[in-house]
Amino acid sequence: MLLHFTKMHGLGNDFMVVDLVTQRARLRDEQIRRLADRRFGIGFDQLLVVEPPRDPDMDFRYRIFNADGSEVENCGNGARCFARFVRDQRLTHKHEIHVETAGGPLTLLVEDDGQVTVDMGVPRFDPAALPFEADEDRPRHRLEVDGEHLEIGVASMGNPHAVLRVDDVEHAPVARLGPAIEGHPRFPRRVNAGFMQVVSPHEIRLRVYERGSGETLACGTGACAAVACGIRQGLLENPVTVHLPGGTLQIEWPAPDAPLRMTGPAERVFDGRVALS
Ligand SMILES: N[C@H](CCC[C@H](N)C(=O)O)C(=O)O
């Protein structure tokens, strides 16, 4: 069969977006891995799938698959592209779109300037929410990685994040520590590893080694998790501008029990069709 898709990105975090409301297809893990390959396939960090909602109060079901084929709970940059896609495809005319994900509900707000603001829900820090093996919830956890004693913050944005503060993201050992943190045994379902440089209380620089995809040019949930951990550690104050290699996100988290909001762009690159074997 021929599957229609749209290639999109949020600050260079790139996606294959598929409408399974008007199309029917089942994508197996190995098909996703092949399609994700940047030489043998289309090439993407994540596959985003639009499906009809299970909950009648929601507008769509939003499913996310990493390049390694693993299905995950949330994708922040993908959520902005999802909102742009469903409106461009005329699957909805709404400006406020409610979607269900494996990590919980999200509200997507398409702004007049084309930017998208996502209500990402309330960050969770209890280790069981990630999951992360630790005896209690605390702003900083000690983690021994590759012979080094690190101090990390942990947060769930529906998906799990570990955040390590560094002096200079340019020279942070992302290639070495990223995979070691991602696959650390204390994270039974692996983890996204963020490397955060604090520029000021309202500004950070961030690189993220993503679970299931490697280092990406941007990570929306990673930006949210870094800000949440930074505010909780007393390093940051609401709102925070997050500079990632692919561009900048604005994050607001006005109070610990308030939802966290992320605002940024969503770009279409091309439409295509692919034969599914
Ligand atoms: N790699 C992530 C999913 C994609 C998150 C990222 N692309 C974003 O924008 O939030 C995970 O395994 O939880």
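As the structure is a computational prediction, the values presented were derived from the model and not from experiment. One-based numbering, in listed order, for ligands and for the atoms of each. Along the sequence shown, residues carry numbers from 1. All heavy atoms count here, side chains included; hydrogens, waters and symmetry mates do not.
The salt bridge (charged side-chain N to carboxylate O under 4.0 Å, His left out) pairs that include a residue from residues 219-228 number zero, where partners must be two or more places apart or lie in different chains.
Using cut-offs of 30° and 60° on the angle between ring planes, the pair Phe187 and Phe132 is parallel.
Side chains of Arg24 and Met1 form no contact here, defined as non-hydrogen atoms less than 4.5 Å apart. Contact annotation: the side chain of Leu108 never approaches that of Glu96 to less than 4.5 Å [non-hydrogen atoms, C-beta and beyond]. Side-chain contact between Leu276 and Leu27 is present, with at least one heavy-atom pair separated by less than 4.5 Å.
Enumerated by chain and number, the residues approaching ligand 1 to less than 4.0 Å through a heavy atom are Asn13, Gln46, Asn66, Val72, Asn74, Cys75, Gly76, Asn77, Asn159, Asn192, Glu210, Arg211, Cys219, Gly220, Thr221.
How far CG of Asn77 is from CE of Met262: 6.0 Å, rounded to the nearest 0.5 Å.
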